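This is a predicted model, so every value here is computed, not measured. By convention in this document, chain letters (A, B, ...) are assigned in the order of the sequence lines, proteins followed by strands, and residues within each chain are numbered from 1.
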2 protein chains.
Amino acid sequence: MEPHDDVRMRGFRSRTPVADVQGRIRAHAAPLPAETIPLDQTPGRILAVDVHAPIDVPGFARAAVDGYAVRGEDTFAASEQGPIPLEIIGDSQPARPSNLVLQPGQAVRVSTGAPIPPGADAVLQAELASERPGGRHLLVLGPVAPARHIGQIGEDIARGALILRAGRLLRPQDAGLLASLGLAHASVIRRPRLALLSTGDELIAPGSAPGPYQIVDSNALTLSHLARRDHAEPLPAIIARDGADPLKSALDRLLDPQRPDPPDLLLVTGATSVGQHDLMPLLLRERGHLWVHGVAIRPASPTALGALPDGRLVFLLPGNPVSALCAYEYFVGPYLRALGARPDPWTWPHPTLCLPLARKLVSKIGRTDFVRVQIRGQGPQAAVYPLETAGASLLSSVVYADGVVNVPPDSEGHPAGARVQVYLF
Amino acid sequence: MEPHDDVRMRGFRSRTPVADVQGRIRAHAAPLPAETIPLDQTPGRILAVDVHAPIDVPGFARAAVDGYAVRGEDTFAASEQGPIPLEIIGDSQPARPSNLVLQPGQAVRVSTGAPIPPGADAVLQAELASERPGGRHLLVLGPVAPARHIGQIGEDIARGALILRAGRLLRPQDAGLLASLGLAHASVIRRPRLALLSTGDELIAPGSAPGPYQIVDSNALTLSHLARRDHAEPLPAIIARDGADPLKSALDRLLDPQRPDPPDLLLVTGATSVGQHDLMPLLLRERGHLWVHGVAIRPASPTALGALPDGRLVFLLPGNPVSALCAYEYFVGPYLRALGARPDPWTWPHPTLCLPLARKLVSKIGRTDFVRVQIRGQGPQAAVYPLETAGASLLSSVVYADGVVNVPPDSEGHPAGARVQVYLF
């Protein structure tokens, strides 16, 4: 590798269309294997296997309300005007088996969740009963039909039933359901582990004030947070100095086969363009495969994509914060979601709005544009303003923007007044 | 407190409308104070104070592309047919100050991010340059205007500018922006801490298989996950046996003034109805204020609400899993979001769909109904099917349901074909 390569010779003579890069990524996006996790961590995870109920729920007939376990037919003739007396032979309480057996004319006081004693076939709700002083008798003030207010064995879930299908995005109540079946764990798709490498002599770690000629490495922070949004696990980011040796040694650390937490993919920011320090594409070609270098997208044209010999993808992202964010949304995010078997991984996860453009938006045929926009005005006056930005380096443009408009390569843009879809940040 | 109170006397003679309960909650929902957290934890948090930029970004004029720092006017006449030669006097690299000063007819090789040497006012992009063998001269193949491809001091963010407003929901790129300003922390609204107490002799902790007459406490698990969805921090849940003494001692533990992590609110499930074990409303009245007992809502009518003498709210939720979930969504979730100063705390966070009912949905005037529904069919055939459920205890109904329809108290329901709004789980 020669650091004084003719720069012009290494310029992008052709740029790969976004759809071709996405096609490459899709072709390598098989979901990760399963892992077993405790139920207090399941919500938002993707179930890896079908789950069948190992037990009946409930496992015994139980009171669904507070009141009295009775024989329904004993109450049919009861009313406020003609109450029917029953003998109270005892209490049934939750979690306590009792020996009580109900005979005609008898009742057992029950709390919600208590087992129903043999002989009873309904629960008279407390509101329809008037207990006599002494607690030995009650008056029934209205009828209750057999089976009313009783939770039957297996009524909620029958043993063996398929209760949750593989691929389900687990909800809070799903964890409750699995727990109520006596389960302690769930088998879910493992989350992708993401290695982050930022390159550049000028970079310092977040949390330090930049000195003269220094830049804080904000990319690793932003990309980590985006990866977490996409349900991935970013590993601690590494900063490498410019030059072949520091880059090689950083790659060695990240790809060390002895690591207990080997990354599923590698994300490098910087050193991917056509300048003399942009060694990453060459290094990737040395270590594996460089599939794409230069993409027909603004503002992330220096993006490169390749793979290690073991098939793990390597994304080379421009160092400019907005370009890095743009390349993340088009290429890395969808791949992470696909590895994690998320629903609709190829669709952006942002909420969207469809609103008219306040001024025309110009794009170039053949190029995909990631246009930062603001939404100004309320209700029917709301309109989309493309932000005037000098270049890709303005991180502020994605902070002040409300969202982005994605202009595909077959479009020259849109006239003022045209309705466009805004992906909201 | 007398465990053998006449049950009928304690029945719900009137039920409080949902809107009145929500009004009580709103009146007590002041946002929590701020806390300072590192930037790697900020996304999804609410900024507590305005942030002004402490420095200019960039802090020095830098190259926005790879190429050559030049005087723009030296290039005005250049073209592919009439290239203009310039002398290369050296390199400027990121993070390395140099002593080079540009004279007319000279150029300095620059990488993206490198400081622009004095005398230069533009960067000629690599594509418009052809470097001669030896690296001492280049040919300019086209013009570049002054200020082109240079990131000016303060161009992205000027020192002192208001960059993020208090109340902002922080995005991934906001963390990047704060870091690029040399900041290490952000001041955000503290997340509410939630104490969870489940009551009942029949309950066992999640992760155990239920024996005869036992029920797994799925509520604390589901409620914890819902609270996390609403950006709260649930404390480890406690299970208390039935009876006044176990409940009192559980409350003592949760409300211990020596706790390092005092809860901001208390959520109790079970023991809140009108049965003989339903001591929580009485205990709450003893310890503070019982404002509401019995709400005109199905399936969560035994819900109660009150406060401790120090103003912390106490929510008593029914033990039935679906009722608990229902009461959470109407009362607890909005309160947590308001404490956390989340945007639109009183609006449910679920995505919504508006679809026609496949069959009529009957509700009672004066009562709010939380109706579990499935959506069947695709596209124009999609329709909403209210689930036939025997009662509130069927956790499976909120697992098999796709969402809920909220029927307000002034509605008798809707005929088949009416369009209803479904809140998707």
Side-chain angles (χ1 to χ4, degrees), chain A residues 4 6-8 11 39 43 59-60 64 66 93-95 97 111-113 115 126-127 129-131 135 151 156-157 171-177 179-180 182 184 200-202 206-207 209-210 213-216 218 221-222 225-226 273-277 321 325 391 393-396 398-399 425, chain B residues 4 6-8 11 39-40 43 59-60 64 66 94-95 97 111-113 115 126-127 129-131 135 151 156-157 171-177 179-180 182 184 200-202 206-207 209-210 213-216 218 221-222 225-226 273-277 321 325 391 393-396 398-399 425:
Chain A
H4 280 271
D6 184 316
V7 170
R8 174 143 173 89
L39 292 183
F60 56 96
D66 295 310
Q93 301 191 358
S111 312
T112 304
E127 291 88 333
S130 176
E131 204 171 308
D156 196 356
I157 295 154
R171 306 168 180 172
Q173 59 263 45
D174 294 346
L177 180 72
S180 70
D201 285 343
E202 74 279 25
Y213 310 112
Q214 292 184 320
I215 303 281
V216 177
S218 63
L221 195 59
T222 301
H225 288 321
L226 287 167
S273 189
V274 293
Q276 59 183 348
H277 295 294
L325 187 138
S393 63
L394 303 186
L395 181 57
S396 63
V398 287
V399 172
F425 285 135
Chain B
H4 279 272
D6 184 316
V7 170
R8 174 141 174 89
L39 292 183
D40 61 2
F60 55 96
D66 295 311
S111 312
T112 304
E127 291 88 333
S130 177
E131 205 170 308
D156 197 354
I157 296 155
R171 306 168 179 172
Q173 59 263 43
D174 294 346
L177 179 72
S180 69
D201 285 344
E202 73 280 26
Y213 309 113
Q214 290 183 321
I215 304 280
V216 177
S218 63
L221 195 59
T222 301
H225 288 322
L226 287 167
S273 189
V274 293
Q276 58 182 348
H277 295 295
L325 187 138
S393 63
L394 304 185
L395 181 57
S396 62
V398 286
V399 172
F425 284 136

Show the nearest heavy-atom pair for residues [X] and [Y], with the distance to one decimal.
X: B:E202; Y: A:T112; answer: OE2-O, 4.4 Å
X: A:H225; Y: B:L39; answer: NE2-O, 3.1 Å
X: A:L221; Y: B:G176; answer: CD2-N, 4.2 Å
X: B:P210; Y: A:S180; answer: CG-O, 4.2 Å

Less than 4.5 Å to any heavy atom of chain A: does that hold for the side chain of B:I215, its backbone, both, or neither?
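The side chain, not the backbone.
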Measure B:F60 against the heavy atoms of chain A and call it side chain, backbone, both or neither at under 4.5 Å.
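Side chain only.
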Apply the test side-chain contact (heavy atoms from CB on, under 4.5 Å) to residues B:R171 and A:V399: give CA-CA distance (whole Å), side-chain angles for both, the deciding distance (0.1 Å), then the verdict.
CA-CA 8 Å; B:R171 306 168 179 172; A:V399 172; 5.5 Å; no
Of the listed residues (A:P206, A:P115, A:G135), which shares the most heavy-atom pairs with chain B below a 4.5 Å separation?
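That would be A:P115.
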